[in-house]
There are 2 protein chains.
Amino acid sequence: MGTRRAESTLDNIVCTHDFRINCSDCRLNSICLPIALEAHDIDRLDNIIQRSKPLRKGEHVYRESEPFTSVFAVRSGSVKAYKITGDGKEQITGFYFPGELLGVDGIAYYRHSVSAKALETAAVCEIPFKRLEELSTTLPSLQRHFFKLMSQEITQDQQLITLLSKNSAEQRIASLLLSISARSARLKLSATSFRLPMSRTDIGNYLGLTVETVSRIFSRLQKAGLLDVENKEIRMLEIDKVRKMAGI
Amino acid sequence: MGTRRAESTLDNIVCTHDFRINCSDCRLNSICLPIALEAHDIDRLDNIIQRSKPLRKGEHVYRESEPFTSVFAVRSGSVKAYKITGDGKEQITGFYFPGELLGVDGIAYYRHSVSAKALETAAVCEIPFKRLEELSTTLPSLQRHFFKLMSQEITQDQQLITLLSKNSAEQRIASLLLSISARSARLKLSATSFRLPMSRTDIGNYLGLTVETVSRIFSRLQKAGLLDVENKEIRMLEIDKVRKMAGI
DNA sequence: CGCCTGGTTGAGAATCATCAACATCTGTGG
DNA sequence: CCACAGATGTTGATGATTCTCAACCAGGCG
């Protein structure tokens, strides 16, 4: 009951105290921004990146409608992006894990179109966009990589659109679990055992479901023997069946 | 019964026969790609743009998983983007009207992640991406404009996500109508009277609803006096009530 | 300890999907 | 120009999924 499975949490993959580590040494650099760069170009990028202090749970990386000045890479922990709709409701548009880039939504209008806040203790790298833009003009591979990241954001959003438009509650949950599983694996962590950093309410919000439905489906999947759910700790016992359920 | 309201169709705003018109003379240039450019820079962009022959209804601009080489600007008519999901279903991810850019989804993996086909007779400008990229490095305002367009795509997708996640069938339809109304207005056409280029099935697919539900809601809005629906011709009689219904 | 937030479970209600029948529109060939 | 066929759209009856409301439980923190 009281035991924690801390070894599987996503927020421990880099030491959060040593936030001065630079891009060349960062163990995330194979999935983060500089993937396409040569060593000496990484240093040039490294010079413009600002490493911020760890954020505590609930603290904002940036807020909707704030002037857009930077994009951010998650170093540890996790972040949710959300916007407040016309009628005051929250809509979560994405969850971001270590190595993932957030904030590109702000480029269009020089303002952030969503807010981003830490789901747990988290650290982010801040990359001033103006300087990134300047650097891009002299480093074509950086420009290309940056285009690629924005395009990935589009592809992801479109996947979510499909999920919301066509799939049942069960399929949505299964897909989210598989997505988090894949990201956990990308970080060299377990693909079958991980901790959900977000609340059930957040999951429901993101997937267009109510908390109750989310809760019921977790229970159902557990009863069916596909999952072992213990609060936020998830163990996927039958990942193939989960895949099938998600429609893959 | 037999009378057409052809004056309001979106596909007539430029002469589809004269597809050799260049960017400087194009009446869409204030909303299309070169918005941020000086006259002599527009010429440089103009040189790399290829104008294609008009597409007939159902013809593809590009197909999912084809190698990505170009982005496209709609000159006349309209286009839908869609992808085929794992289990063989179609999911429409967007509708594109004159002056709008499509194809940026392909940048990430050098392949198109969706297919795009003409909803009616349509003409598009093809912009080879490689040359656009090269030109971008010497024209910062073009690079910035291009970032902006990709970012807009993200913002739009996120709006659709919110729509699908939080809103009722009635609200989704109302929102789509308002979106098309706004785009019609941007093309200097009527904001209250326009022709829907897509089928009811397409609308349902895009909004995550069945055809029947779409049809019923059109009927309901007509009975309530908010709309005048005559097949694909829409007249918005009470646009403020539609706005309220959409939650704006 | 008790409060408060977050999560679970149940019963009933609402929305939307499904199935089915029918109407209308489009375009093709006579 | 008409007739027909297939596609597209409308309407109704029924049913399933998910939401809403409500009660209850568990864990974390002052």
Side-chain angles (χ1 to χ4, degrees), chain A residues 1-6 56-58 80 89-90 92 119-121 163-174 195-224 227-234 245 247, chain B residues 1-6 9 56-58 80 89-92 117 119-121 163-174 176 195-224 227-234 245 247:
Chain A
M1 296 298 234
T3 61
R4 287 271 202 82
R5 282 182 252 165
R56 272 168 310 193
K57 178 175 174 173
K80 74 170 177 182
K89 287 179 289 191
E90 175 177 320
I92 296 175
L119 285 167
E120 58 195 320
T121 304
L163 198 65
L164 294 171
S165 175
K166 294 265 174 303
N167 293 0
S168 67
E170 216 168 51
Q171 292 175 312
R172 295 182 206 183
I173 303 263
R195 185 175 176 279
L196 300 174
M198 71 293 282
S199 68
R200 299 286 193 267
T201 308
D202 281 346
I203 292 175
N205 185 299
Y206 177 68
L207 295 176
L209 303 168
T210 57
V211 206
E212 294 94 325
T213 302
V214 174
S215 185
R216 273 186 253 272
I217 286 170
F218 273 120
S219 302
R220 204 189 299 165
L221 295 185
Q222 171 141 305
K223 274 200 191 88
L227 293 185
D228 181 19
V229 182
E230 190 182 325
N231 300 324
K232 304 203 162 182
E233 291 291 335
I234 302 288
M245 176 174 283
Chain B
M1 295 296 235
T3 61
R4 288 271 200 85
R5 284 181 249 162
T9 62
R56 273 168 310 192
K57 178 175 175 173
K80 75 170 175 182
K89 288 180 288 191
E90 176 177 318
Q91 171 63 46
I92 296 175
K117 72 156 71 158
L119 285 167
E120 59 195 320
T121 304
L163 199 65
L164 294 171
S165 175
K166 294 264 174 305
N167 294 359
S168 67
E170 217 168 50
Q171 290 175 312
R172 296 181 205 183
I173 302 263
L176 178 62
R195 184 173 176 280
L196 300 174
M198 72 293 284
S199 69
R200 298 286 193 267
T201 307
D202 282 345
I203 293 175
N205 186 300
Y206 177 67
L207 295 176
L209 303 169
T210 57
V211 208
E212 294 95 325
T213 302
V214 173
S215 184
R216 273 186 253 273
I217 286 171
F218 273 120
S219 302
R220 203 189 299 165
L221 296 185
Q222 170 141 302
K223 273 200 190 88
L227 293 185
D228 183 18
V229 182
E230 192 182 325
N231 301 325
K232 304 203 163 184
E233 290 291 335
I234 302 288
M245 175 173 285

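- The side chain of A/Thr213 lies closest to D/dC19, out of D/dC19, C/dG7, D/dG9.
- The base of C/dT18 lies close enough to the side chain of B/Arg216 for a donor and an acceptor atom to sit less than 3.5 Å apart.
- With rounding to whole Å, B/Glu230 atom CD is found 15 Å from D/dG9 atom P.
- Considering only heavy atoms from C-beta on, A/Ile234 stays 4.5 Å or farther from A/Asp228 through its side chain.
- In this structure, CD of A/Glu233 is placed 19 Å from P of C/dG6, rounded to the nearest angstrom.
- Residue B/Thr201 places at least one side-chain N or O closer than 4.0 Å to OP1 or OP2 of D/dG9.
- For the pair B/Lys166 NZ and C/dT15 P, the computed distance is 18 Å after rounding to whole Å.
- Within 4.0 Å (heavy atoms only), A/Gly204 reaches no atom of the nucleic acid at all.
- Whole-Å rounding puts the A/Asn205 CG to C/dG7 C1' distance at 16 Å.
- Atom CZ in A/Arg220 sits about 7 Å away from atom P in D/dT18, given to the nearest Å.
- Using a 4.0 Å heavy-atom criterion, one finds that B/Ser215 contacts the bases of the nucleic acid, with or without backbone contacts as well.
- B/Thr210 comes within contact range of at least one nucleobase, with a heavy-atom separation under 4.0 Å.
- For the side-chain contact (heavy atoms from CB on, under 4.5 Å) criterion with B/Tyr206, the lone passing option out of B/Ile92, B/Leu163, B/Val214, B/Leu164 is B/Ile92.
- Whole-Å rounding puts the B/Leu119 CG to D/dT8 C1' distance at 15 Å.
- A donor-acceptor contact under 3.5 Å is not formed by the side chain of B/Glu170 with the base of C/dC16.
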Output, in order, the C-alpha distance, side-chain angles, deciding distance and verdict of side chain to side chain contact (heavy atoms under 4.5 Å, CB included) for A/Val229 and A/Leu221. CA-CA 9 Å; A/Val229 182; A/Leu221 295 185; over 6 Å; no
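- A distance-only check finds a donor-acceptor pair linking the side chain of A/Gln171 to the backbone of A/Ser168 [under 3.5 Å].
- Where A/Ser168 and A/Glu212 each meet DNA chain D at their nearest nucleotide, the meeting point lying more 5' is that of A/Ser168.
- Distances from the side chain of A/Ser219 to the nucleotides C/dT9, C/dA17, D/dT10 place C/dT9 closest.
- Computed from coordinates, the A/Ile217 CD1 to C/dT8 C1' distance equals 14 Å when rounded to whole Å.
- Nucleotides of DNA chain C nearest to B/Lys57 and B/Asn167 differ in position, and the one nearer the 5' end is that of B/Asn167.
- For the pair B/Leu164 CG and C/dC16 P, the interatomic distance rounds to 13 Å; values are reported in whole Å.
- With values rounded to the nearest 0.5 angstrom, B/Leu176 atom CG is found 6.0 Å from B/Ile203 atom CD1.
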